[in-house]
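Okay, so here's the structure we're looking at.
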Amino acid sequence: MTLMKSLMGAAASVALTVGAALAEPALIFDLGGKFDKSFNEAAFGGATRWAEETGGTFREIELQSEAQREQALRRFAEAGANPVITMGFAMADPLSAVAPDYPDTKFVAVDVNWLDTPNIRQIAFAEHEGSYLVGMMAAAASKSGTVGFVGGMDIPLIRHFGCGYAQGAKAVNPDINIVANMTGTTPAAWNDPVKGSELTKAQISQGADVVFAAAGGTGVGVLQTAADEGILSIGVDSNQNHLHPGKVLTSMLKRVDVAVYDAMKAGTEVETGVFTMGLAEDGVGYALDDNNAALVSADMKAAVDAAREKIISGDLKVVSYYENDSCPAVKF
């Protein structure tokens with residue numbers, strides 16, 4: 001009997017080990033699709049890198065509606081996917097409802113940091129720090145003394161981007177004029193390049209000669225129109241410099257790809273809790289490559305890199321929009 005029990009125990013142990021080894025990660029893209037050239041595509045890039053390096057596979061779904069959020073979470077958890085990685089703040093409520101029902105499944109929430117659920121890894125980014133740096137670059141490159149900001153959905157997260165950008169611009173030129181617009185108040189604002197184009201033209205008519213887009217797929221329209229109209233643009237999340245070589249001043253990198261890659265690499269052992277990725281963690285930054293090298297002078301780069309070090313050391317504080325739901329440098 002004892003021998004039988006130990007054999008059964010060993011078999012169960014092996015089965016559990018095999019099951020854990022075979023557990024595939026899953027990735028739930030936010031509205032806008034995995035090829036938005038921005039937020040979702042960065043996540044896809046991180047997952048693809050993991051798959052290519054390890055030979056592993058991952059499951060995925062591109063959401064088409066709000067109703068699919070909870071459905072996708074439950075479907076992947078029921079199928080044994082682990083961890084289940086979600087993109088965007090709008091996954092917070094569905095995660096609150098679903099994660100407690102699957103205590104043995106690890107969930108990863110990108111752009112969420114306020115949930116009190118033990119089996120979720122929550123990852124936030126210090127977007128205001130990276131946006132400060134590209135704001136400095138915008139002001140340095142501007143000849144008109146007016147720069148623009150086009151946000152996606154009007155939520156605190158996007159105001160957080162815009163506030164950092166405005167502070168960086170004013171650090172270079174205290175008298176600079178900053179024109180800021182949001183694309184909309186619903187999730188459709190993340191995937192409306194036509195509206196992005198219209199807002200860019202409106203900002204150009206107000207004198208803007210550099211425009212920063214923090215708007216997901218909508219930003220494709222911003223960058224295209226800026227290039228067509230002969231002004232500079234700034235991309236976001238992914239490195240978008242290559243979309244219009246020589247016309248995109250830089251891109252504010254938000255290393256969603258690293259967050260996803262690290263989560264998949266850790267697999268079922270991924271550490272839960274709340275984590276923030278800022279300049280110190282290389283979670284945000286600015287893009288410099290052959291596509292924009294001619295636009296970024298040595299003085300501009302030196303000034304931005306010096307500010308980066310001061311922010312990391314604590315000698316320079318970039319005010320977060322979240323502190324008081326307001327911004328000292330621009331009104332939204």
Side-chain angles (χ1 to χ4, degrees), residues 36-39 41-46 48-49 125-143 147-150 160-162 164-173 176 178 200 208-216 219-220 222-224 226-227 230-262 277-313 315-316 318:
D36 62 357
K37 303 192 187 318
S38 185
F39 181 68
E41 196 158 330
F44 181 61
T48 301
R49 176 183 156 208
F125 292 82
E127 294 94 352
H128 60 315
E129 294 179 355
S131 296
Y132 184 97
L133 301 185
V134 302
M136 290 180 66
M137 295 172 76
S142 175
K143 295 180 173 60
V147 297
F149 174 80
V150 175
H160 189 52
F161 275 93
Y165 174 70
Q167 290 174 74
K170 290 198 168 181
V172 170
N173 178 5
I176 200 158
I178 299 159
T200 304
D209 59 355
V210 185
V211 177
F212 176 29
V220 173
V222 176
L223 271 57
Q224 179 69 58
I231 70 161
L232 293 173
S233 62
I234 296 175
V236 77
D237 295 342
S238 298
N239 182 349
Q240 298 181 319
N241 296 353
H242 67 281
L243 296 180
H244 302 282
K247 297 183 178 181
V248 180
L249 176 62
T250 187
S251 297
M252 201 297 275
L253 300 176
K254 178 172 169 177
R255 300 308 301 272
V256 172
D257 58 328
V258 174
V260 171
Y261 172 85
D262 287 348
M277 297 177 67
L279 286 174
E281 297 78 21
D282 283 329
V284 293
Y286 72 95
L288 184 63
D289 58 26
D290 290 345
N291 294 304
N292 71 330
L295 302 173
V296 181
S297 68
D299 287 347
M300 191 189 300
K301 184 178 185 301
V304 169
D305 289 344
R308 178 183 182 275
E309 294 307 315
K310 286 183 179 177
I311 293 170
I312 291 173
S313 69
D315 292 336
L316 172 58
V318 184

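Remember, it's a predicted structure, so these values are computed and weren't measured experimentally.
- Atom CG of Leu316 and atom CZ of Arg308 lie 13.0 Å apart (nearest 0.5 Å).
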Verdict with supporting geometry, Asn239 and Asn291, side chain to side chain contact (heavy atoms under 4.5 Å, CB included): CA-CA 10 Å; Asn239 182 349; Asn291 294 304; over 6 Å; no
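- In plain terms, the two heavy atoms of Met277 and Val284 that are nearest each other are O-CG1, 4.2 Å.
- Considering every non-hydrogen atom in both Ala259 and Phe125, the closest pair reads CB-CZ, 4.1 Å.
- At distances below 3.5 Å, not a single donor-acceptor pair connects side-chain atoms of Ser233 with backbone N or O atoms of Val248.
- Distance check: Gln240 CD to Ile234 CD1 gives 11.5 Å after rounding to the nearest 0.5 Å.
- Using a 4.5 Å cut-off on side-chain heavy atoms (C-beta onward), Lys37 and Ser238 make no contact.
- Of all heavy-atom pairs between Ser142 and Asp209, the closest is OG-OD1, 2.7 Å.
- Atom-to-atom distance recorded for Met137:CE and Met300:CE is 6.0 Å, nearest 0.5 angstrom.
- A side chain to side chain contact (heavy atoms under 4.5 Å, CB included) with Val211 holds for exactly one of Ile231, Leu223, Val147; it is Ile231.
- Contact check for Leu295 versus Leu232: side-chain heavy atoms found under the 4.5 Å cut-off.
- The main-chain N or O of Gly278 is never found under 3.5 Å from a side-chain atom of Glu129 such that the two would form a donor-acceptor pair.
- Residues satisfying the ring pair (Phe, Tyr, Trp, His ring centres under 6.0 Å) test with Phe44, not counting sequence neighbours, are Phe35.
- In plain terms, the two heavy atoms of Asp257 and Ala42 that are nearest each other are CB-O, 3.1 Å.
- Tested against Ser251, the residues Asn292, Asn241, Asp289 include a single side-chain hydrogen bond (donor to acceptor under 3.5 Å, both in side chains) partner, Asn241.
- The heavy-atom pair separating Leu288 from Ala293 by the smallest distance is CD1-CA, 4.2 Å.
- Note on ring orientation: taking the six-membered ring where Trp is involved, the planes of Phe212 and Phe149 are perpendicular (angle over 60°, cut-offs 30° and 60°).
- The local environment of CG in Asp315 is crowded, with over 12 non-hydrogen atoms from other residues, nucleotides or ligands closer than 6.0 Å.
- For the pair Thr200 and Gln224, the minimum side-chain heavy-atom distance is 4.5 Å or more.
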Candidate pair Asp282 and Arg255, rule side chain to side chain contact (heavy atoms under 4.5 Å, CB included), full reasoning: CA-CA 8 Å; Asp282 283 329; Arg255 300 308 301 272; 5.7 Å; no
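- The shortest distance between side-chain heavy atoms of Lys254 and Phe161 falls below 4.5 Å.
- The minimum heavy-atom distance linking Ala140 with Val172 is given by the pair N-CG1, 4.0 Å.
- Remark: the backbone N or O of Ala139 is not paired with any side-chain donor or acceptor of Asn173 at under 3.5 angstrom.
- Evaluation of the ring pair (Phe, Tyr, Trp, His ring centres under 6.0 Å) rule for Tyr132 yields no partner, not counting sequence neighbours.
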Check against side chain to side chain contact (heavy atoms under 4.5 Å, CB included), Tyr165 and Met252: CA-CA 10 Å; Tyr165 174 70; Met252 201 297 275; over 6 Å; no
Side chain to side chain contact (heavy atoms under 4.5 Å, CB included) between Val318 and Ile311, intermediate numbers included: CA-CA 7 Å; Val318 184; Ile311 293 170; 3.7 Å; yes
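- Judged by distance alone, with hydrogens and angles left aside, the side-chain atoms of Asp36 form a donor-acceptor pair with the main-chain N or O of Glu41 at under 3.5 Å.
- By the side chain to side chain donor-acceptor pair (under 3.5 Å) test, Lys301 is found to be paired with Asp305, residues two or more places apart in sequence or in another chain being considered.
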